[in-house]
Amino acid sequence: MIIYEVTLQVEPSLAPRLEEHMRRIHIPAIFATGCFRRIRFAQASPARFRTSYQADTQAQLDRYLRNYALKLRAEFQAEFPTGVVLTRETWIQREVWE
């Protein structure tokens with residue numbers, strides 16, 4: 001399993017609007033691409049969020065990055081031109097204990 005994580009550090013005054021946008025617009029649009037099996041959205045503090053996108057294969061993540069990411073990132077950037085700092089990481093899940 002491939003986990004693509006995006007961490008968002010946002011100016012506190014923007015946090016409620018960012019959360020609403022992520023939950024109602026941005027994440028559903030990404031999920032609709034069919035590239036990810038599961039998406040999780042979490043909050044660590046009032047101004048720090050993380051989205052974890054789970055893909056079964058690297059090919060599915062590559063398809064998202066190739067076909068959809070630029071457009072969806074541009075739409076996000078248009079909505080939040082300032083006040084949000086993003087970091088992106090790709091993780092390969094090695095093992096799960098349940």
A.B. asks: Is F76 close to I25 at the side-chain level, that is, under 4.5 Å between some pair of heavy atoms?
C.D. replies: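 A side-chain contact is absent here, since even the closest heavy-atom pair is not under 4.5 Å.
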
A.B. asks: Could I get the full list of side-chain hydrogen bond (donor to acceptor under 3.5 Å, both in side chains) partners for Q54, not counting sequence neighbours?
C.D. replies: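 Residues passing side-chain hydrogen bond (donor to acceptor under 3.5 Å, both in side chains) with Q54: R38.
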
A.B. asks: What pairs with Q93 under side-chain contact (heavy atoms from CB on, under 4.5 Å), at least two apart in sequence or on another chain?
C.D. replies: M1, I3, V96

A.B. asks: Identify whether I27 and L70 are in the same connected component of the hydrophobic contact network (ILVMFWY, side-chain heavy atoms under 4.5 Å).
C.D. replies: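 The answer is no; the residues belong to distinct hydrophobic clusters.
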
A.B. asks: Return the set of residues passing salt bridge (Lys or Arg N to Asp or Glu O under 4.0 Å) with R37 (not counting sequence neighbours), or none when no residue passes.
C.D. replies: D56

A.B. asks: Is there a side chain to side chain contact (heavy atoms under 4.5 Å, CB included) between Y53 and L61? Walk through the geometry before answering.
C.D. replies: CA-CA 9 Å; Y53 305 90; L61 175 57; over 6 Å; no

A.B. asks: Name all pairs fulfilling the salt bridge (charged side-chain N to carboxylate O under 4.0 Å, His left out) condition that reach into residues 4-15, sequence neighbours left out, sorted by first residue then second.
C.D. replies: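 Output for this query is empty, none listed.
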
A.B. asks: For R66, what residues pass the side-chain contact (heavy atoms from CB on, under 4.5 Å) criterion, not counting sequence neighbours?
C.D. replies: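 R66 satisfies side-chain contact (heavy atoms from CB on, under 4.5 Å) with D62, R63 only.
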
A.B. asks: Hey, does I2 have a side-chain heavy atom less than 4.5 Å from the side chain of W91?
C.D. replies: no

A.B. asks: Among residues at least two apart in sequence or on other chains, which ones pass ring-ring contact (aromatic ring centres under 6.0 Å, His included) with Y64?
C.D. replies: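 With sequence neighbours excluded, Y64 shows a ring-ring contact (aromatic ring centres under 6.0 Å, His included) to F36, given in chain and number order.
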
A.B. asks: Once rounded to the nearest 0.5 Å, what's the spacing between atom CD1 of I30 and atom OG1 of T51?
C.D. replies: 7.5 Å

A.B. asks: Taking side-chain contact (heavy atoms from CB on, under 4.5 Å) as the definition, give me every residue that meets it alongside E19, ordered by chain and number, with sequence neighbours left out.
C.D. replies: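 For E19 the side-chain contact (heavy atoms from CB on, under 4.5 Å) partners, ignoring immediate neighbours, are R23, F41, Q43, F49.
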
A.B. asks: Would you mind telling me which of E20, H26, H21 makes a side chain to side chain contact (heavy atoms under 4.5 Å, CB included) with R24?
C.D. replies: E20

A.B. asks: Side chains of residues 77-90: which donor-acceptor pairs under 3.5 Å do they make with residues two or more places apart or in other chains?
C.D. replies:
residue	atom	partner	partner atom	Å
Q77	NE2	P81	O	3.1
E79	OE2	R17	NH1	3.1

A.B. asks: Identify, with sequence neighbours excluded, every residue that meets side-chain hydrogen bond (donor to acceptor under 3.5 Å, both in side chains) alongside R40.
C.D. replies: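 Applying side-chain hydrogen bond (donor to acceptor under 3.5 Å, both in side chains) to R40 gives none.
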
A.B. asks: Look at atom CZ of R50 and say whether more than 12 heavy atoms of other residues, nucleotides or ligands are closer to it than 6.0 Å.
C.D. replies: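 Counting neighbours around CZ of R50, 12 or fewer heavy atoms of other residues, nucleotides or ligands fall under 6.0 Å, so no.
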
A.B. asks: Check side-chain contact (heavy atoms from CB on, under 4.5 Å) between F31 and all other residues, then give those that pass, not counting sequence neighbours.
C.D. replies: I39

A.B. asks: Can you sort out the partners of R94 under salt bridge (Lys or Arg N to Asp or Glu O under 4.0 Å), two or more places apart, ordered by chain and number?
C.D. replies: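 Checked R94 against salt bridge (Lys or Arg N to Asp or Glu O under 4.0 Å); zero matches.
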
A.B. asks: Which pair of non-hydrogen atoms, one from V6 and one from L8, has the smallest distance, and what is that distance?
C.D. replies: O-CD1, 3.8 Å

A.B. asks: Minimum heavy-atom separation for A55 and C35, please, with both atom names.
C.D. replies: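 Nearest heavy atoms, A55 then C35: CB-O, 3.7 Å.
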
